[in-house]
Amino acid sequence: MFTRRDTLAIGVGAAAASALPFAAFAATVDEAIAAFTGGAAVAEGGVTITAPEIAENGNTVPVTIEAPGAAEITLLATGNPAAEVAVFKFGPGAGNAMVATRIRLGRTQDIMAIAKMADGSFTSARVEVKVTIGGCGG
Amino acid sequence: MTDVRPRIRLPRSAAAGDSIVVKTLINHDMESGQRRNSAGEIIPRQIVNRFTCEYAGVMVIDMTLHGAISANPYIEFEAVVPASGDFVFTWYDDNGEVYTSTESFTVA
């Protein structure tokens, strides 16, 4: 036997449950950022991302990141099923803090690089890459 | 993975203390764990999840790779060469295999 109050509660619960997956998906980028920064503030600038404006093949998109003075760089693809792409830790034998690699992008999206500087502060940059053919093998 | 062949490109020469560009490539499918086979089942992830480079025993770069790194991962970075020595490159596969490559480098 359902009272009106019960019915309402079930309805609210169902709405909350169905909204969860979307919330979880949207949170992955923020979670990835928080996991790297530990919740510290992230400034902008000081990081240069070089990537093609239009990538014909999302399976292999060349990306170069430079962040002078960085100790660590994390690279995120904000529109991929999993946002994390790579983390680079520079050791004492590293030269200029630069890396180049090739990444997969599922669709048109922003890619983001966050650098952890030697003094523990964080700075970031983001750039949009338009993808003609997605690279997630959907 | 059978027949994994790392390839390394270093400059021909450098002066002591220079920062040199190191280019590495290894053939690997980097199966992302996102793809499905014809039966609709997810193909299990098998990627190189970590790459390191040391020069003369000093860590140059330690990289964590995720599924969004392209097949046949290409990694380029810079290393300081204070004196002649050996580069040791190491790739760690999800299946536990470790691929290493050593390159000697001589400074002028």
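Sequence lines set the chain letters: A, B, ... in the order given, protein chains first and strands last, and positions in each chain run from 1. Just so we're clear, the structure is a prediction, and the values are computed from it rather than from any experiment.
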Practice item. Would you kindly confirm whether B/Ile61 and B/Phe105 end up in one hydrophobic cluster when ILVMFWY residues are joined by side chain heavy atoms under 4.5 Å apart? Key: yes
Practice item. Enumerate by number any residue of residues 68-77 of chain B whose heavy atoms lie under 4.5 Å from heavy atoms of chain A; in the absence of such residues, state 'none'. Key: B/Ala68, B/Ile69, B/Ser70, B/Ala71, B/Tyr74, B/Ile75, B/Glu76, B/Phe77
Point to revise | Same apolar cluster: B/Ile47 and A/Val63, side chain cutoff 4.5 Å | key: yes
Check your understanding: Under 4.5 Å between side-chain heavy atoms, hopping through other hydrophobics if needed: is there a path connecting B/Phe89 to B/Tyr99?
Key -> yes
Point to revise | Results of side-chain hydrogen bond (donor to acceptor under 3.5 Å, both in side chains) for B/Ser13 - residues two or more places apart only | key: none
Check your understanding: Looking at A/Thr64, A/Asn96, A/Thr60, A/Val99, which has the largest count of heavy-atom pairs under 4.5 Å with chain B?
Key -> A/Asn96
Check your understanding: Could you state the interatomic distance from CD (A/Glu66) to CD (B/Glu78), rounded to the nearest 0.5 Å?
Key -> 8.0 Å
Review point. More than 12 heavy atoms of other residues, nucleotides or ligands under 6.0 Å from CD of A/Glu128: is that the case?
Key: yes
Point to revise | Residue A/Val61 versus chain B: region with a heavy atom under 4.5 Å | key: backbone
Check your understanding: Mind checking whether B/Met30 and A/Arg104 have side chains closer than 4.5 Å, heavy atoms only?
Key -> yes
Revision key, fill the gap. dist A/Ile73:CD1 -> B/Met63:CE (nearest 0.5 Å) comes out at 11.0 Å
Using atom types as modelled, flag every donor-acceptor pair under 3.5 Å from a side chain in residues 33-46 of chain A to any protein atom, sequence neighbours excluded.
| residue | atom | partner | partner atom | Å |
| --- | --- | --- | --- | --- |
| A/Thr37 | OG1 | A/Ile33 | O | 3.0 |
| A/Thr37 | OG1 | A/Gly39 | N | 3.1 |

Review point. Who in residues 15-24 of chain B is close to chain A, using a strict under-4.5 Å heavy-atom cut-off?
Key: B/Ser19
Point to revise | ILVMFWY cluster, A/Val127 and A/Val85 together (side-chain gap under 4.5 Å) | key: yes
Exercise for review: Could you tell me which non-hydrogen atom of A/Ala86 sits nearest to which non-hydrogen atom of B/His66, and how far apart they are?
Suggested key: N-CD2, 4.0 Å
Practice item. Select, from B/Asp62, B/Val58, B/Thr52, B/Val81, the one with the greatest count of heavy-atom pairs under 4.5 Å involving chain A. Key: B/Asp62
Exercise for review: To the nearest 0.5 Å, tell me how far B/Leu65 CG sits from A/Glu84 CD.
Suggested key: 12.0 Å
Revision key, fill the gap. When the 4.5 angstrom heavy-atom criterion is applied to B/Leu25 and chain A, the contacting part is side chain
Point to revise | Hphob cluster co-occupancy, A/Val131 + A/Ile133, side-chain heavy atoms under 4.5 angstrom | key: no
